[in-house]
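In what follows, chains carry the letters A, B, and so on, assigned in the order in which the sequence lines appear, proteins first and then strands, with residues in each chain numbered from 1. Values in this document were obtained by computation on a predicted structure and should not be read as measured data.
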Number of protein chains: 2
Amino acid sequence: MGSSTGGRPPVMADVAKAAGVSHQTVSRVLNDHPNVRAETRSRVLEAIDLLGYRRNMVARALVTRHSRTLGVVSFDTTLYGPASTVYGIEQAARDAGYFVSIVSLRTIDRAGVRDAINYLIEQGVDGIVVVAPQRSAAGALEDLSPGIPIVAVEGGHSVQVPVVCVDQAEGARLATDHLLKLGHETVWHIRGPQDWLEAEGRVEGWRGALSAAGRDIPEVLSGDWSPRSGYEAGKLLAGMAGEVTAVFVANDQMSLGVLRAFTEEGVRVPEQISIVGFDDIPESEFFSPPLTTVRQDFGAVGRHSIDVLLGQLEEGAAKVLERFVVPPDLVVRGSSAPPGA
Amino acid sequence: MGSSTGGRPPVMADVAKAAGVSHQTVSRVLNDHPNVRAETRSRVLEAIDLLGYRRNMVARALVTRHSRTLGVVSFDTTLYGPASTVYGIEQAARDAGYFVSIVSLRTIDRAGVRDAINYLIEQGVDGIVVVAPQRSAAGALEDLSPGIPIVAVEGGHSVQVPVVCVDQAEGARLATDHLLKLGHETVWHIRGPQDWLEAEGRVEGWRGALSAAGRDIPEVLSGDWSPRSGYEAGKLLAGMAGEVTAVFVANDQMSLGVLRAFTEEGVRVPEQISIVGFDDIPESEFFSPPLTTVRQDFGAVGRHSIDVLLGQLEEGAAKVLERFVVPPDLVVRGSSAPPGA
DNA sequence: AGTGAGAATGTTAGCGATAACACTACCGAA
DNA sequence: TTCGGTAGTGTTATCGCTAACATTCTCACT
């Protein structure tokens, strides 16, 4: 490693000595300061290369008071939605020259979110993105005095921090209207778990579309996002195959469970019952039949959340409490058709 | 915020003044040093609470030379495998009192991995986990002089760093033997992309099981892990429905594509062709039919990689080049059955 | 040649914490 | 009483870097 630094990793002073300049000049080269002679710059760069010098960002962060690291608080990053969002955030952050530190919560509650945020602030992150899809998590955003920029993803109507989200209600409306336009009398719904804001937005949009069209609003079935819960709801619906002709399921995984239940019970999709899901996971296109669903652009959500965060970082006191809404898209495939088709 | 620190966040000296002690005593309280009188300790804690003081971990890291942060380099964390592994790593790290900084690579190559590692070292991480499922990524581990502990997940037979991995070949053997034991004459295989070590381990295990049983080794079909590539391979196989009775597919997503292709072509599973997948994603149980597959315990992989890393951190010079192999499990479901069943 | 503006470089003083050592009490043993 | 040991606390130096200011050098213009 270091040619002549006695085993320990070289520091700026070692480079300075090797290049015959002061450590400040090395710092200037590293920070692209304009007032450095080209010849000096290259001598410094050579010395850096020779010694294998790496800047100590910790020391730098101490004096600049910026770590160029952003914190992300999320919940169960093995789920497709959170995983995609976090991925989008990480990519956008890196493109902007920032690092990302992640805290994945096992269970979500006010205390957990608050601790995670404090934890990240102690670490010296410059800003925090909270992927807070549950009401309880969003609640935690209300009682904090961060002193640093925070943005929530899917964070409900919190008044404390800016929010970036997909228009869940609009997505549900697209799905429901699509089924109504196909000629279905009404549309049933399997919703996501109680505490989730996304689940509630989707219920709201579905209900809104039905009442706007003056249709009956069937009783809501409940799931927990898992294929199994969809399967169970599907078994129930299969028993009402005459009555039910269209179902809007709150996510694609549950839709898969519904499809499985229908297959087992001999209910044909879409001939007897049409299904529309939500998320457009990579698998949905290859379900049997391929699933009509609502696509969420998680990448856009990630990018916007970083934009908003960096905006706050630069504006400083501006503290814009914007609400950035990403529109969803309907993707029509084989699982939806006119009734009795 | 700070009651009397003039707007800026309080520092240790402010707490010291408020509690009427020296800053060193505050530090001792914070670090649970034994030689502090109980009364003093509580006075300090009170002052901390009063001022809303939070320790500056950046300054701490500078002097202790430990950040209690680990770096993770991964590839496409929206895929189930990497996402689950990273999740396991994050949980294990946090349980051990460490933070996690993530770099998700978009494309994987030597330079990308090397840069990511350097990037993390500059940030002052105490150790790095490289989730390096491709040969090219694993290669990057060979030409680095990190100076800090590194462990590879699925990193091949690299001699430079310890490796934690799932026994891919063994999983493939389980899958293949299962199909042979059901009475199939031989087993076809749809492999994963060329550069992936996991894909190669699975091919190897499949081929090994067939030759051990003295069976013909059919030509290998290739996919890229995506459902679409499985679909395309499935179309091909469907055309040989007489000849082919069993297929071992290198992952569950491709299996879904195969199932879709077979459904379209009227090939019944498992009656005409049996299918076994790999990964046991949450969806597989609800495929039609439910997929027989090989489960990988990603959580265990994450935990072990952290164990190995922390081991290196504590041992220091020990530099044990262990290789930790997590055994896979066969999960039998409806997609596999005796031929012509 | 003398001057002054600006470019190029050096010097010093922190950032906020811990480490190392110094010091004061207070204790029991000699 | 004196001494050594230790618990409790304070003082100073230091981690590796950048900010702010100080200094030198260069060159166009008088």
Side-chain angles (χ1 to χ4, degrees), chain A residues 2 5-45 47-48 51-69 121-126 147, chain B residues 2 5-45 47-48 51-69 121-126 147:
Chain A
T5 56
R8 92 179 136 58
V11 298
M12 203 173 260
D14 299 317
V15 176
K17 185 144 47 120
V21 297
S22 77
H23 63 121
Q24 182 59 262
T25 298
V26 177
S27 172
R28 288 195 181 99
V29 170
L30 254 26
N31 293 311
D32 286 322
H33 189 99
N35 293 352
V36 178
R37 202 149 40 102
E39 195 264 348
T40 308
R41 179 187 309 278
S42 66
R43 226 168 54 233
V44 168
L45 290 175
I48 287 175
L51 297 180
Y53 168 75
R54 272 193 283 245
R55 172 154 56 169
N56 182 329
M57 299 303 259
V58 173
R60 177 173 216 259
L62 179 60
V63 57
T64 60
R65 298 148 163 304
H66 300 300
S67 58
R68 293 201 79 78
T69 297
I121 293 177
E122 270 192 0
Q123 285 294 310
V125 298
D126 293 342
Chain B
T5 56
R8 89 178 140 57
V11 298
M12 203 173 260
D14 299 317
V15 176
K17 186 144 44 125
V21 297
S22 76
H23 64 121
Q24 182 60 266
T25 297
V26 177
S27 171
R28 288 194 181 99
V29 170
L30 254 27
N31 293 308
D32 287 321
H33 190 98
N35 293 351
V36 178
R37 203 148 40 101
E39 197 264 349
T40 309
R41 179 186 309 279
S42 65
R43 226 170 54 236
V44 169
L45 290 176
I48 286 176
L51 298 181
Y53 169 74
R54 270 195 286 247
R55 174 155 53 169
N56 182 328
M57 299 304 255
V58 173
R60 177 175 217 255
L62 179 60
V63 60
T64 61
R65 307 163 108 62
H66 300 300
S67 59
R68 292 201 79 78
T69 298
I121 293 177
E122 272 192 0
Q123 285 294 311
V125 299
D126 292 344

pair A:T69-B:Q123: side-chain heavy atoms closer than 4.5 Å:
yes
Would you indicate whether the side-chain heavy atoms of B:N31 and B:R60 approach each other to under 4.5 Å?
yes
Validation row: B:R41, B:D32 side chains within 4.5 angstrom (heavy atoms):
yes
Quick one: what's the B/S/- string for nucleotides 6-17 of chain D, heavy-atom cutoff under 4.0 Å, read 5' to 3'?
-SSBBBB--BBB
Compare all side-chain heavy atoms of A:P9 with those of A:R54 and state whether any distance is below 4.5 angstrom.
no
Bend across the helix from C:dA1-D:dT30 to C:dA30-D:dT1, to 10°, with axes taken over 5 pairs at each end?
50°
Between C:dA17 atom P and B:H66 atom NE2, what is the distance in whole Å?
18 Å
Do A:V15 and A:V21 have side chains that approach each other closer than 4.5 Å (heavy atoms only, starting at C-beta)?
no
NZ/NE/NH1/NH2 to OD/OE distance under 4.0 Å, A:R8 and A:D14
yes
What I'd like to find out is whether the side chain of A:S67 reaches to under 4.5 Å of the side chain of A:M57, using heavy atoms alone.
no
Contact between A:L30 and A:Y53 at the side-chain level, heavy atoms closer than 4.5 Å - yes or no?
yes
